[in-house]
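For reference, the structure discussed in these notes is given below.
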Amino acid sequence: MLRIEELEAALPAMVPWRVTAGHGVDWAALEAALGTALPSDFRSLAEAYPVLVVDDFLMVSVPLPGSETSWAAGAREDEILQDLYEMGDTEDYVPYPQPGGLIGWADSNSGDSFYWKTSPADPDAWPVVVRTDNAEWFEFPVGAVEFLAGVYGRTIDVPGMPEDFPSSNPQVLGLSE
């Protein structure tokens with residue numbers, strides 16, 4: 001599992017948004033509301049950073065202190081994913097909380113969605129699943145931080161993304177509210 005520092009090396013524009021003391025997310029409350037633990041790399045990212053928007057394209061949604069139960073509710077009640085599932089447009093992927101269901105952690109402004117597949121049982125082994133705006137599904141055998149580091153370090157290619165993704169000099173905006 002990749003460390004945050006390796007993502008920062010691949011995406012240095014995120015570093016100014018780092019919080020040294022940690023955000024103090026109530027992980028016990030979030031995970032109780034969600035019904036599962038979350039991957040440790042994502043927990044580290046959420047403690048160190050606010051919601052991140054990269055190149056005004058990709059938004060990485062992390063829970064903020066005080067919003068843990070609403071973040072969990074949003075993850076459990078992903079209406080778009082549920083609609084896709086009911087229409088048979090999920091290529092055998094299922095919404096969480098079904099076993100092995102998908103939990104979203106990022107979206108693009110083009111309609112691409114980034115999920116974890118909640119299988120196997122160990123959250124640190126959950127792969128990333130991407131649904132592009134072209135309704136194509138791709139699975140990557142890495143966690144969220146390693147996925148982002150690979151995309152911005154140009155070692156992971158995500159088919160179906162815009163031609164200029166990622167940009168040659170990605171800019172990052174941190175959102176605290």
Side-chain angles (χ1 to χ4, degrees), residues 1-2 4 7 10-11 25 27 29-46 49 51-55 57-64 67-166:
M1 183 146 292
L2 230 60
I4 298 300
L7 172 56
L11 188 58
V25 173
W27 293 105
L30 186 147
E31 293 171 352
L34 186 57
T36 185
L38 292 174
S40 61
D41 66 332
F42 181 76
R43 290 171 57 141
S44 296
L45 181 66
Y49 285 96
V51 171
L52 296 173
V53 179
V54 184
D55 275 346
F57 175 73
L58 179 70
M59 183 169 79
V60 179
S61 173
V62 297
L64 299 172
S67 70
E68 295 89 350
T69 55
S70 64
W71 192 95
R76 287 183 69 90
E77 299 161 15
D78 185 330
E79 292 179 19
I80 293 172
L81 180 59
Q82 185 64 40
D83 288 347
L84 291 170
Y85 176 70
E86 289 171 5
M87 293 184 306
D89 188 24
T90 56
E91 292 190 12
D92 297 327
Y93 293 107
V94 297
Y96 184 81
Q98 292 185 51
L102 301 180
I103 296 175
W105 57 270
D107 293 291
S108 81
N109 67 6
S110 292
D112 310 291
S113 299
F114 301 79
Y115 303 98
W116 292 290
K117 179 180 172 186
T118 60
S119 175
D122 177 7
D124 287 338
W126 290 351
V128 167
V129 174
V130 178
R131 181 189 183 274
T132 69
D133 68 335
N134 298 321
E136 298 173 292
W137 293 84
F138 300 97
E139 189 167 323
F140 300 86
V142 296
V145 169
E146 187 172 350
F147 176 81
L148 292 170
V151 166
Y152 291 102
R154 300 186 184 277
T155 60
I156 292 178
D157 177 56
V158 183
M161 290 288 120
E163 194 171 297
D164 61 347
F165 174 78

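Because only heavy atoms are used, hydrogens play no part in the values below, and waters and symmetry mates are left out as well, while side chains stay in.
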For the CH2 atom of Trp126 and the CZ atom of Phe42, what is their distance to the nearest 0.5 Å? 10.5 Å
Arg76 to Pro97 - nearest heavy-atom pair and separation: NH2-CG, 3.6 Å
Scanning both residues in full, the closest heavy-atom pair of Trp116 with Ala144 reads NE1-CB, 3.9 Å
With sequence neighbours left out, the residues meeting side-chain contact (heavy atoms from CB on, under 4.5 Å) with Asn109 are Phe57
Residues in side chain to side chain donor-acceptor pair (under 3.5 Å) contact with Thr36, at least two apart in sequence or another chain: none
Where do Tyr96 and Leu81 land on the side chain to side chain contact (heavy atoms under 4.5 Å, CB included) test, with the steps shown first? CA-CA 9 Å; Tyr96 184 81; Leu81 180 59; over 6 Å; no
So how far is it from Ser108 OG to Leu58 CG, rounded to the nearest 0.5 Å? 7.0 Å
Derivation and outcome, side chain to side chain contact (heavy atoms under 4.5 Å, CB included), residues Phe147 and Ile156: CA-CA 7 Å; Phe147 176 81; Ile156 292 178; 4.2 Å; yes
With sequence neighbours left out, the residues meeting ring-ring contact (aromatic ring centres under 6.0 Å, His included) with Tyr93 are Trp137
To the nearest 0.5 angstrom, please state how far the OG1 atom of Thr90 sits from the CD atom of Gln82. 9.5 Å
Phe138 atom CZ, neighbour heavy-atom count above 12 within 6.0 Å: yes
For a quick test of reading the model, state the closest non-hydrogen atom pair linking Pro123 to Pro39 and the distance between them. O-CG, 3.3 Å
With Thr118, which of Leu102, Ile103, Val94 fulfils side-chain contact (heavy atoms from CB on, under 4.5 Å)? Ile103
Over 12 foreign heavy atoms within 6.0 Å of CD, Glu79: no
Output all residues satisfying side-chain contact (heavy atoms from CB on, under 4.5 Å) with Asn134, sequence neighbours left out; order by chain, then residue number. Thr132, Glu136
CG (Leu7) and OH (Tyr152) are apart, to the nearest 0.5 Å, by 9.5 Å
Go through the steps for Arg131 and Asp89 under the test side chain to side chain contact (heavy atoms under 4.5 Å, CB included), then give the verdict. CA-CA 10 Å; Arg131 181 189 183 274; Asp89 188 24; 3.1 Å; yes
Please name the pair of heavy atoms, one in Glu139 and one in Pro127, separated by the smallest distance, quoted to 0.1 Å. OE2-CG, 3.4 Å
What pair of heavy atoms forms the shortest contact from Val151 to Pro166, and how long is it? O-CG, 3.3 Å
Determine yes or no for a side-chain-to-main-chain donor-acceptor pair under 3.5 angstrom, with Asp133 supplying the side chain and Asp112 the backbone. no
Applying side-chain contact (heavy atoms from CB on, under 4.5 Å), name anything that partners Asp122, two or more places apart in sequence or on another chain. Asp124, Ala125
Do Leu38 and Trp105 pass the side chain to side chain contact (heavy atoms under 4.5 Å, CB included) test, and can you show the C-alpha distance, the side-chain angles, and the key distance before you say yes or no? CA-CA 11 Å; Leu38 292 174; Trp105 57 270; over 6 Å; no
Closest non-hydrogen contact found for Pro63 with Ala46 is CD-CB, 4.0 Å
CH2 (Trp71) and CG (Leu64) are apart, to the nearest 0.5 Å, by 11.0 Å
Sequence neighbours left out, what passes side-chain contact (heavy atoms from CB on, under 4.5 Å) with Ile80? Give chain and number order. Asp78, Leu84
Drop me the distance from Phe114's CZ to Asp107's CG, to the nearest 0.5 angstrom. 8.0 Å
